[in-house]
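Throughout, numbering of the chain's residues begins at 1 and tracks the sequence.
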Amino acid sequence: MDTSDEWIVERTGIRERRYLKDPTKATAFMCANVVKSLLEKSNTDPSEIDLIIVATVTPDMMFPSTACLVQSMVGANNAWGFDINAACSGFLFALVTGAKHIESGACKKVLVLGGDKMTSILNMKDRTTAIIFGDGAGGVLLEPSENGYGLMESNLHMDGMRGRDALYMPAGGSLNPASEETVRKRMHSIFQDGQSVFRSAVVSMSSSVMEMLSIANLKISDVDYVVPHQANLRIINATADRLGIPLSKIGVNIQKYGNTTAGTIPIMMSELDEEGKLKKGDNVILVSFGAGQGSQYIGMGKDLYETYSECKSVIKNAEKILGYSISEIMFSGADDILSLTKYTQPAIFLHSYLVSMLKNEKNVGIVAGHSLGEYSALCFSGVLTFEDTLRIVNERGKIMQNSADKVSGSMAAVVGGNEDDVQRLVTECSKSGLLVIANYNAPGQVVVSGETEAVEKLVSMGKQFGAKLVKKLNVSGAFHSPLMQLASDEFKQVLKDVKIVDSKIPICMNVSAKMEIRSENIRSSMEMQMVSPVLWTQSVLLMKEKGAKTYYEFGPQKVLGGLIKRIHAEAEILSIDTLKDIQ
């Protein structure tokens, strides 16, 4: 291979790698050793483990799963498990999935492992990949927290359109099964567009950290450590520079191990712990880049469905209305299916409806919802029946999906800078095409929407106008902008046949940030929502002015709580998502 140690260190920061050379051992062997160490350290018997989740792109074999092999190796005979194939983001996806099983009460002890024998899929003649990757594994044992510590928030994403050609292995799946040709062409090895990965990684990791700070209502100074995926030292340094975080607060060990894919973050966490750098109460952000999901997640509502007969009845009724099995998509479907707008919208509404029905909170003085969430608020307040709300949301999702397919547009998040500066930025970039502020999410955090060229110009110019971070969002259309006018006109026709009555509770509408009760005013606001900005900041300020002190957030993940705290710092937030939250 035409390379040198100097060239490698200069471009990657990597000085050493670990290779598992024994041909009889693979990923399961490494993960099993991690498990044995975790069990010994926590004084846990293997029989106590309920679930094993292994994040890996190099399973020992296609099936059985690596989790199954690990179970056998460590004697965790009471556990079930599965693998997650999400490359470098795999451990974080597995961590959030494992935490949800703990939070729901379904499991008490969950092993979350990330490991890869990357040398098994490397072309050792390709210096763009061979010098980067190594073999390794790490993991954590999750248990219920009784003292407020643990996984506070999560924020996962996926960008299959832009990411699928940047880092991949062409053969070995059902599209290109193993053959003489695939072996001859080295199609069972990693292919990587290094420059594309570098650019995407720096932007996505820094923006993900900023989003996480916003959701958790934290400042950079509140963070004790950021543990990034160890892909390349230049990526890590560039990310730290964009965030303004000193390197002393960044976990780095890529120089010793290279990129172990799903293993990098848990290995780094283990080293920080062994060095005594992690203490109870520390705020630690884990960040990677790759595939993911939004507020929806596979398994949402399943614990409610299996526990309460009334939830099962609601879901069955919903499936008759929708004409398809929404429960299958929500409980055990694929992420890419659930993430389609036409399925996401009814799924999120159903989940929100179930938790609000079970909580049955009577002492509510005002209701509000953010964009899609406004329909949950309309149903809760009696403006719409459950059946009509589900039909409306279902049609809304399909109309928005169709509009996004026909009309080119995009959106971007702008973090930092005051409202006047952002408006000047939008005005300047509007010279390249239609561009508007679509969401006023919180002070210093807005979303813009419009024609793609104008959005891209805004992303490139954002920092000149005082923005700390500008990130193009992974959405399929220019929602809450005039580009949705055709969709809005079509949606008005849907609303024509819907009975809308006066609200039992004052509802703060997105388009006006005003309290409404009368049905005609509510109908007018619903008709305008698709092409109007979401005035969330203004809505929360109005609720605060009206005396709101406690906010119930009904729905998947804890999306709005962080935004509300940034607007109304003294507010008490009660987020209701899982069975545990209900109980």
Ser154 to Val96 - nearest heavy-atom pair and separation: CB-CG2, 3.5 Å

Cation-pi geometry met for Lys302 and Tyr305 (6.0 Å, 45°): no

Heavy-atom closest contact (Phe479 atom, Ser449 atom, distance): O-OG, 2.9 Å

Inter-residue atom distance Ser120.OG - Met118.CE, 0.5 Å rounding: 7.5 Å

Between CG on residue Leu69 and CE on residue Met61, distance to nearest 0.5 Å: 5.5 Å

Under-4.0 Å salt bridge between Arg17 and Asp135: no

Test item: Asn85 side-chain N/O and Val57 main-chain N/O as donor-acceptor pair under 3.5 Å: no

Pairwise side-chain contact, Leu113 with Val70, heavy-atom cut-off 4.5 Å (strictly under): yes

Side-chain donor/acceptor of Lys565 to backbone N/O of Ala569, under 3.5 Å: yes

Derivation of the side chain to side chain contact (heavy atoms under 4.5 Å, CB included) call for Tyr257 and Ile267: CA-CA 9 Å; Tyr257 308 116; Ile267 292 172; 4.1 Å; yes

Side-chain touch Ile131/Thr12, heavy atoms, less than 4.5 angstrom: yes

Side-chain donor or acceptor of Asp282 paired with backbone N/O of Val284 under 3.5 Å: no

Nearest-0.5 Å distance that lies between atom OG in Ser248 and atom NZ in Lys277: 9.0 Å

Tyr225 and Leu286, any side-chain heavy atoms less than 4.5 Å apart: no

Side-chain (Asn123) to main-chain (Lys125) donor-acceptor, under 3.5 angstrom: yes

Pair Asp577, His351: side-chain N/O donor-acceptor within cut-off below 3.5 Å: yes

From Trp80 atom CH2 to Ile49 atom CD1, the distance as rounded to the nearest 0.5 Å: 14.0 Å

From Met300 atom CE to Ser104 atom OG, the distance as rounded to the nearest 0.5 Å: 14.0 Å

Step-by-step salt bridge (Lys or Arg N to Asp or Glu O under 4.0 Å) determination, Lys36 to Glu40: CA-CA 6 Å; Lys36 291 171 184 176; Glu40 181 180 357; over 6 Å; no

Short side-chain to backbone donor-acceptor contact, Arg566 and Pro443, under 3.5 Å: yes

Contact check, side chains of Ile53 and Phe82, non-hydrogen atoms, under 4.5 Å: yes

Ionic contact status for Lys109 with Asp45, cut-off 4.0 Å: no

Asn232 side chain reached by Asn259 side chain, heavy atoms, under 4.5 Å: no

Worked verdict on Lys256 versus Glu271 for salt bridge (Lys or Arg N to Asp or Glu O under 4.0 Å): CA-CA 12 Å; Lys256 293 190 290 185; Glu271 288 202 343; 3.1 Å; yes

Closest non-hydrogen atom pair between Asp83 and Pro59, with its separation: OD2-CB, 4.3 Å

Test item: Ser288 side-chain N/O and Cys88 main-chain N/O as donor-acceptor pair under 3.5 Å: yes

Any donor-acceptor pair under 3.5 Å from Thr58 side chain to Lys117 backbone: yes

Intermediate values then yes/no, side chain to side chain contact (heavy atoms under 4.5 Å, CB included), Leu111 and Leu51: CA-CA 6 Å; Leu111 284 167; Leu51 172 61; over 6 Å; no

Heavy-atom side-chain proximity of Gln230 to Val252 below 4.5 angstrom: yes

N/O donor-acceptor pair under 3.5 Å between Asp5 side chain and Arg15 backbone: no

Side-chain H-bond candidate by donor/acceptor type, Asp273 with Ser270, under 3.5 Å: no

Asp222 and Ile220: CA distance, side-chain angles, deciding distance, side chain to side chain contact (heavy atoms under 4.5 Å, CB included) verdict: CA-CA 5 Å; Asp222 296 324; Ile220 285 286; over 6 Å; no

Polar contact flag, side-chain donor to acceptor under 3.5 angstrom, Ser460-Glu456: no

Asn441 and His370: side chain donor to acceptor below 3.5 Å: yes

Heavy-atom pair of closest approach, residues Ala67 and Ile52: CB-O, 3.6 Å

Thr56 side-chain N/O to Gly115 backbone N/O, donor-acceptor pair under 3.5 Å: yes

For the student: nearest non-hydrogen atoms of Val470 and Val459, plus distance: CG1-CA, 3.6 Å

Ile121 vs Ser189, side chain to side chain contact (heavy atoms under 4.5 Å, CB included): CA-CA, chis, key distance, verdict: CA-CA 5 Å; Ile121 57 172; Ser189 300; 5.7 Å; no

Enclosure of Lys580 NZ (heavy-atom neighbours >12, cutoff 6.0 Å): yes

Distance-only polar pair, side chains of Asp60 and Thr66, donor-acceptor under 3.5 Å: no

From Leu142 atom CG to Leu95 atom CG, the distance as rounded to the nearest 0.5 Å: 5.5 Å

Electrostatic pair Lys108-Glu48, nearest N-O below 4.0 angstrom: no

Which residues share a salt bridge (Lys or Arg N to Asp or Glu O under 4.0 Å) with Arg186, sequence neighbours left out: none

Beyond-backbone contact of Val447 with Val414, side-chain heavy atoms, under 4.5 angstrom: no

Glu275 atom CD: more than 12 heavy-atom contacts under 6.0 Å: yes

Close side-chain approach of Lys21 and Thr119, heavy atoms under 4.5 Å: no

Asp116 side chain vs Thr261 backbone, donor-acceptor pair below 3.5 Å: no

Nearest heavy atoms of Met30 and Gly136, plus distance in Å: SD-N, 3.7 Å

